[in-house]
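Take a look at the structure set out below.
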Amino acid sequence: MSPGYTSEEMMVVTAARQLSSDDTCFVGIGTPSAACNLARLTHSPGITLIYESGTIGTRPDVLPLSIGDGELCETALTTVSVPEMFQYWLQAGRISIGFLGAAQIDRFANINTTVIGGYHRPEVRLPGGGGAPEIASFCEEIFVIMPHSPRAMVPEVDFVTSFGFGSGGSDRADLGLVTQGPTLVITDLCLMRPDPETKELTVASLHPGVDREQVRESTGWGVAFGADLGETPPPEQGELEVLRDLMERTAKAHAPGHGREGEGS
Amino acid sequence: MSPGYTSEEMMVVTAARQLSSDDTCFVGIGTPSAACNLARLTHSPGITLIYESGTIGTRPDVLPLSIGDGELCETALTTVSVPEMFQYWLQAGRISIGFLGAAQIDRFANINTTVIGGYHRPEVRLPGGGGAPEIASFCEEIFVIMPHSPRAMVPEVDFVTSFGFGSGGSDRADLGLVTQGPTLVITDLCLMRPDPETKELTVASLHPGVDREQVRESTGWGVAFGADLGETPPPEQGELEVLRDLMERTAKAHAPGHGREGEGS
Amino acid sequence: MPAMTSLREAIATHVHDGDTVCMEGFTHLIPFAAGHEVIRQGRRDLTLIRMTPDLIYDQLIGAGCVARLVFSWGGNPGVGSLHRLRDAVENGWPRALEIEEHSHAAMANAYWAGAAGLPVALFRGYLGSDLPAVNESIRFLDDPFTGERLAAVPAIRPDVTVIHAQRADREGNVLIEGIVGVQKEAALAARRAVVVTVEEIVDDLRAPSHNSVILPSWSVDAIAEAPGGAAPSYAHGYYTRDNAFYTEWDAISRDRERFRQWLEDEVLGAPP
Amino acid sequence: MPAMTSLREAIATHVHDGDTVCMEGFTHLIPFAAGHEVIRQGRRDLTLIRMTPDLIYDQLIGAGCVARLVFSWGGNPGVGSLHRLRDAVENGWPRALEIEEHSHAAMANAYWAGAAGLPVALFRGYLGSDLPAVNESIRFLDDPFTGERLAAVPAIRPDVTVIHAQRADREGNVLIEGIVGVQKEAALAARRAVVVTVEEIVDDLRAPSHNSVILPSWSVDAIAEAPGGAAPSYAHGYYTRDNAFYTEWDAISRDRERFRQWLEDEVLGAPP
């Protein structure tokens, strides 16, 4: 029986619920952008959204297709240069939540977006780190959003693009990092959180209709389940409506031939 | 017999004549500001004037009283932050001429604007370096403007605020500086230039009506005169008219009770 | 969201005895009203940081609030000396004043580093100057790539930064326009609190450009409306600099008694 | 004062075989017209620097102009891979491509250092990442004050920077508005020449603010009017991003033959 929402919607709604009006989020394109704007349009109208293109406090009416859409700038409180964004805003530790995607993540939440295989003769050359290495270091918390598969959830990543917890334990603090790192991984099957001691990613809740076996099969290491494992609350109708409206506006705005005019200069 | 102009006018006109439309000048308040704007209003309409408050390409109608008058910003091409001014514009070597004043200058053109006497128990505490130490290092050339007196022109300054030629010779290049340093000192008596080899300040020309003895008496070291010592050309009537108009406009604008309105915002 | 409050309340809440405080403004937008409130509240043992101390720090020093001054140019712009600063340095009146002296380039870079969350600012500077010999917070290090010797100073990280701006909106976002100085950097460098006085609090910030200099509400702790709060300096778009007062200050500040009387009449006895 | 010239002339004069070139634009104002002119003029052995190579560098790489790429994120934004970049890295087609790979923070800081005339950029970064192991231009040094380990990368100093901007006035001053990216830094970091294409050359620059992002005429070497010169990216205030082309590029670029045909039809055979 169909649950009445997609697994993408489940991820977006779940991510949105983690946010509050006090958060300043460093937002990536795609699911993170949908989640952050859903939070803004529902329970967290005061949330500050920041895109690495330099737009601060942006309130787009439709989701951007690129990290630097004009819509982001037009609806922002202000737009700063890219050096300023990385220097004054990210590096200085002013961002509470950073969202990252991953081609691979390992059991200690290290993230690979660089290469599959060896660096010099890769099997697959991925886009690379972009803002992620320093986002992972300087946002107070990192939320990772990615589909669950054994190829993506691996014992050890081929290349550490962005540091999570290294080999676990106190590795992160030992590097001099004072931020919390990846505190939450949201997949299409479950939520995972690092174990407080070992920092190994551990299943915190299963999405409705998902069982342990499915998660085990989709994870590349012998994944552990939290003692108080629960079910992730499903999306509510109100959340789905706001999200679907947003996605519909977005699709319409970005349809070929539909020129959204830049403002007059 | 009065020459028909003041010694201040002589200094300003002489300084203005050294400038061209190709110059980008880092301008200080007072005589340098008068000289740069006189150049702009006469032979060098294309000259770029930069004040350390961040105003680039400014064209004030009246001379500013402070380095950050609103007039400078209103007539500028653009105004940048003070860190940007020192980083992108001064440090990067984009300024051709920097003007400096001095409480003391020595025979090797080192400048003191910090203290007379010892640093920790000074006889006189002067305002300090401000922008000067790095202006002296990173402008292509430095012009120093100051009145000539034995207390000001000393064998060795009490404190090197801004480096000229150190102990002379190749000291400047040895420090890694690639700029020319103080190439011209304009006083109320004469022009001085560094000797090409020793870098000792040497009299290059005497202002009209000034003789060698006067300069010797007013200089704290046994000052040398250039082999081809000439007379500094006096101000021309046209220059004096433009300068006096400028000074008159300035005095009127800054008279107490004359509020120049800031532009509407 | 910052507290929208009175100037008295903002200073009482955020500026404490012994604090390190930046009140910035490069000729433009100098936070005089806030500085006077600090004097009225009798704060003591402050470390004050400012590129160009100007009259406001001369007044704070003369009023006995200041134990230590970090600065790069201590004059009355276009007029001459800061006599209260000189009296403190030369004669220890009304109390001894420790100074840490830099160049503008060093302080501008140190503010920049503070805003950027870096512990240190690296720049080309201080070559051949005697300042490094009298200021132990100036060091040098070699670029690991070229071997070039570069100057290094610690980032400026005050406890509190106090600035004046043209306006804030009712959410607490702050607009700064014109000669913007180092105010944004000074605000972002503060460890504990950012206090902003503004000419007006408005419904619409009226930022002229997408790239205007704006401090988001969540980077500010307290906002107080203080019309004329930058006078005798100026607020671009609101009022011009009172050059006559800058000249007059030379005479007022030369004489301890006259200064004390001025302080009594114009600051201590005046409402905030 | 820069030369006000044709795009063809500007590129022929300033971009030479073997040069290190930055064509910047963070999603916005990407200098496509100028990049296509570089392809038409058959430049070879270029080192290209750009935070986000985007379609324009995919096209230059596929056209065989590029020997080396310095970058921090090499994808088709919102779509997927840059297939010409991948084909060069994975298969050496049409020629081997050497890469130097950074993070955005590193490149943004390296541009900043280039603009500031510093040889090196110091920042907090690369902690725990494997990138320093595969890029020898990433080093670490200790802050002389706190001992904190900081990342260091050499300043970016290209021979030539090419950017697209909204407009220039007849004196050659250039206005950039909206998402300004690293264009100002890239321009100021150039060692030899700065080439700017603009939507229009106008009598009045119409800068919205005293603090607008402007390159003074004397910091620019050549200006060419190129209306639509940022398409299929966008120019804020002029036209929007052609998202459909970004999607279409995925199919065009996946196939070498189809790419070659596209290049023939749309670039080599098209007038500048």
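Proteins come first, then strands; the chains are lettered A, B, ... in the order of their sequence lines, and each starts at number 1. From a predicted model like this one, the values you see are computed outputs, not experimental measurements.
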Interchain contact, C/Phe71 with chain B, by part (heavy-atom threshold 4.5 Å): side chain
Part of B/Phe159 lying under 4.5 Å from any heavy atom of chain C: both
Does anything in residues 48-57 of chain C get under 4.5 Å of chain B by heavy atoms, and if so which residues? C/Met51
Measuring from atom NE2 of B/His254 to atom OG of B/Ser66, what distance do you get when rounded to the nearest 0.5 angstrom? 8.5 Å
Side chain to side chain donor-acceptor pair (under 3.5 Å) filter on C/Glu225, not counting sequence neighbours, yields none
For each of B/Val80, B/Thr161, B/Ile29, tally heavy-atom pairs with chain C at distances under 4.5 Å, and name the one with the top tally. B/Thr161
Most heavy-atom pairs under 4.5 Å with chain C, out of B/Thr55, B/Val82, B/Thr79, B/Ile67, belong to B/Val82
What distance separates B/Glu9 CD from B/Asp188 CG, expressed to the nearest 0.5 Å? 13.5 Å
Can you tell which part of C/Arg241 gets under 4.5 Å to a heavy atom of chain B, answering side chain, backbone, both or neither? side chain
Short N-O contact, B/Asp245 and B/Arg249, less than 4.0 angstrom: no
With a 4.5 Å heavy-atom cut-off, do C/Leu175 and C/Arg206 have their side chains touching? no
Chain B shares the most heavy-atom pairs under 4.5 Å, among C/Gln166, C/Glu185, C/His28, with C/Glu185
Between C/Ala187 and C/Val194, which heavy-atom pair has the shortest distance, and what is it? O-CG2, 3.2 Å
Could you please state which residues from residues 89-118 of chain B sit under 4.5 angstrom from chain C, measuring non-hydrogen atom to non-hydrogen atom, sorted by number, or 'none'? B/Gln91, B/Thr114
Nearest-0.5 Å distance that lies between atom CZ in C/Phe259 and atom NE2 in C/His83: 12.5 Å
Looking at side-chain heavy atoms only, is the closest gap between C/Ile163 and C/Ile176 below 4.5 Å? yes
Using 4.0 Å as the upper bound for N to carboxylate O, is an ion pair formed by C/Lys184 and C/Glu24? no
When you compare the side chains of C/Tyr238 and C/Arg167, does any donor N or O come within less than 3.5 Å of an acceptor on the partner? yes
Under 4.5 Å between any side-chain heavy atoms of B/Leu246 and B/Leu63, yes or no? yes
Segment of C/Ile99 engaging chain B (4.5 angstrom heavy-atom cut-off): side chain
Quick check for you: to the nearest 0.5 Å, what is the distance between B/Thr58 atom OG1 and B/Leu49 atom CG? 7.0 Å
Under a 3.5 Å cutoff, is there a donor and acceptor pairing between the side chains of C/Ser72 and C/Ser103? no
What residue, out of B/Gly30, B/Gly54, B/Ser81, has the most heavy-atom pairs lying under 4.5 Å from chain C? B/Ser81
Sub-4.5 Å side-chain heavy-atom contact between C/Ser212 and C/Glu177: no
Top contributor to chain C contacts, counting heavy-atom pairs under 4.5 Å, from B/Val160, B/Asp171, B/Leu65: B/Val160
Do C/Arg124 and C/Glu148 sit within salt-bridge range, that is, some charged N less than 4.0 Å from a carboxylate O? yes
Give the interface residues of residues 129-136 of chain B toward chain C, defined by a heavy-atom separation under 4.5 Å. B/Gly129, B/Gly130, B/Gly131, B/Pro133, B/Glu134
Describe, in one word, how the ring planes of B/Phe26 and B/Phe86 are oriented to each other, choosing from parallel (under 30°), tilted (30 to 60°) and perpendicular (over 60°). perpendicular
Of the listed C/Val134, C/Val89, C/Asn109, C/Leu85, the one with the largest count of heavy-atom pairs under 4.5 Å with chain B is C/Val134
Assert yes or no for the condition that the ring centre distance of C/Tyr234 to C/His164 is strictly below 6.0 Å. no
Let's test your reading of the structure: which of C/Leu127, C/Val180, C/Thr247 forms the most heavy-atom pairs below 4.5 Å with chain B? C/Leu127
